[in-house]
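Okay, so here's the structure we're looking at.
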Amino acid sequence: MSRIETTAAAVRSAEISHSMILIIGGGAAGMMAAIAARRSAKASGNSCSITLLERNPRPGTKIRISGGGKCNVTHTGTSAELLEQGFLRRNEARFLRQALYSFSNSDLLALLRSRGVESEERPDGKVFPVSEDASTVARAFEELLKESRVQAHFSCRVRSVERKGELFMVTTADGVFTADRLILATGGVSYPGTGTTGDGLVIARSLGHSIKKPSAALAPLYTLNAPPASLSGLALRSISLVATSGGRSVERRGDLLFTHRGVSGPAALSLSRDIAELIGETGNCALFADLFPEQSSAELEAELLLQARRSGAQMVRKFLQGCPIAPLSGAFGMARQGTIPTALVPFLMRHAGLGNDVTWSGLAKEKRQSLLSTLKRFPLGSVRDVPLDQGEISAGGVSLGEVNPKTMCSRVVPNLFLCGELLDYAGEIGGYNLQAAFSTGWMAGVNAVKPVVTNSL
Ligand SMILES: Cc1cc2nc3c(=O)[nH]c(=O)nc-3n(C[C@H](O)[C@H](O)[C@H](O)COP(=O)(O)OP(=O)(O)OC[C@H]3O[C@@H](n4cnc5c(N)ncnc54)[C@H](O)[C@@H]3O)c2cc1C
């Protein structure tokens, strides 16, 4: 492999190391790209040199903390189902289609199994290693990297990348690396302590790519007024979280958790990307919980009326304490998701303007209407912040239109490949983001080895 002629006086020739494929970032996408490149090269009898640069002392930092340390590595189902459930924005699902079909969840699980990591599926479709220990997944990838004869440099942060003729010149504190093909796999910008401070976005921009500004996703919601201490830690099962701003409204069904700073849990995390965007446009956003998302207001009113007729002497407070939360339509009496949490009831009563001991027979029509609107639209406060750094992922990144979804090759810079969270997609909770990082990494690695990569669709 030829060495680059460099005019940079600061760079001594002894410090320059050349490889055919150089990968920046040793997370899920980067490690998978290296492994895929080696397998693909081997299959075609190509003995190319592969280098991986990672700023952390070890690869796979985010894998190790994923899924609360248990690593929700992927989701069960067909690739079509993963795309449908895991990537709610159609353009992003469309972009990822080829990658998820080329390297599916079964391919990923088979690869892990080949390193002794068995996985199991939970009833909700999330897949975890049987060990429930994320480090078993990270270690499996470390071993696969070693097996793949990848020149890995750890504690090696890339400062800049320049295009010099046909080569990429990658500058680090340890010296300069040159490569024929470059794979950028530097992740997003959340949890910056794990190494993801957005360097890859700066590099991609410097090479000519347009970047969609990173924004929060799968992040908790902080409200202007923190929830009362008695609600902190309380979960509302299967409700609908509604966010409204400037006449627009978005909602998500799922569990909601009160925290000491606002709300979190699957419904809040899933809606956080939309909310961050709404706030970016209008500057504010109000949150509400619909405790009866399967009942229309008219249906719920009929149920409350029936209750009032049947049990006039019953205290409304007592009724609410035993009342199912989010029951199925037509099955009001069935506590499928448990009941309204007792700790929430005083707040519901107060918001509806009801006295503590009021009975159904003592409830005037307007008070019943007020209770109805409280149950359908219980205010949770205004969002103060959707913290970008606290998200499991970040949205935004390298524009998808500038990357060929069949190869992960840049349409802007020849022989540049981009993969993983660095790209402008964001998946739901459930293993979709790791799967997308592995699948796009796989595709980048396989295609980086090919002699000519076409950029046509
Ligand atoms: C707390 C938490 C829990 C999560 N849980 C799950 C889960 O259970 N399931 C799931 O599917 N997803 C989960 N995710 C999301 C998932 O981890 C990421 O989407 C995925 O790891 C992205 O992979 P990646 O390879 O694109 O980026 P990363 O894994 O972030 O890897 C990028 C790598 O690039 C390195 N790097 C960056 N800049 C440089 C530079 N200048 N020089 C050298 N190296 C550099 C970084 O150090 C990092 O190691 C979780 C995320 C977090 C933060």
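Each ligand, and each atom within it, is numbered from 1 in the order the structure gives.
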Are Thr259 and Ser264 close enough that a side-chain donor and a side-chain acceptor fall under 3.5 Å? no
Which of the atoms in ligand 1, numbered in the order shown and given with their element, are less than 4.0 Å from a heavy-atom of Gly27? 25 (O), 29 (O), 31 (O), 33 (C)
Exam field: side chain Arg181 to backbone Lys450, donor-acceptor pair closer than 3.5 Å: yes
Which part of [X] is near ligand 1, with near meaning a heavy atom under 4.0 Å away: side chain, backbone, both or neither?
{"X": "Ala29", "answer": "both"}
{"X": "Leu53", "answer": "backbone"}
{"X": "Thr194", "answer": "backbone"}
{"X": "Ala436", "answer": "neither"}
{"X": "Ile393", "answer": "side chain"}

Can you tell me the protein heavy atom closest to [atom] and the distance?
{"atom": "atom 39 (C) of ligand 1", "value": "Arg55 CD, 3.6 Å"}
{"atom": "atom 37 (C) of ligand 1", "value": "Gly195 O, 3.3 Å"}
{"atom": "atom 22 (C) of ligand 1", "value": "Glu421 OE1, 3.5 Å"}
{"atom": "atom 49 (O) of ligand 1", "value": "Glu54 OE1, 2.7 Å"}

Can you find a non-hydrogen atom of [X] under 4.0 Å from ligand 1?
{"X": "Gly200", "value": "no"}
{"X": "Thr74", "value": "no"}
{"X": "Cys156", "value": "yes"}
{"X": "Thr61", "value": "no"}

Below the 3.5 angstrom mark, is there an N/O of Val158, backbone or side chain, next to an N/O of ligand 1? yes
Ligand 1 and Ala28, any nitrogen or oxygen pair closer than 3.5 angstrom? yes
Report yes if the side chains of Leu434 and Asn72 come closer than 4.5 Å at any heavy-atom pair, otherwise no. no
Assess the residue pair Arg89 and Asp274 against the criterion (salt bridge (charged side-chain N to carboxylate O under 4.0 Å, His left out)); give the C-alpha distance rounded to whole Å, side-chain angles, the decisive distance to 0.1 Å, and a yes or no. CA-CA 11 Å; Arg89 306 215 174 168; Asp274 291 329; 2.6 Å; yes
So, Lys212 and Glu92, do they make that salt bridge, N to O below 4.0 Å? no
Given Glu421, Lys62, Arg55, the one that forms side chain to side chain donor-acceptor pair (under 3.5 Å) with Thr196: Lys62
Is the Tyr425-Tyr432 ring centre distance short of 6.0 angstrom? no
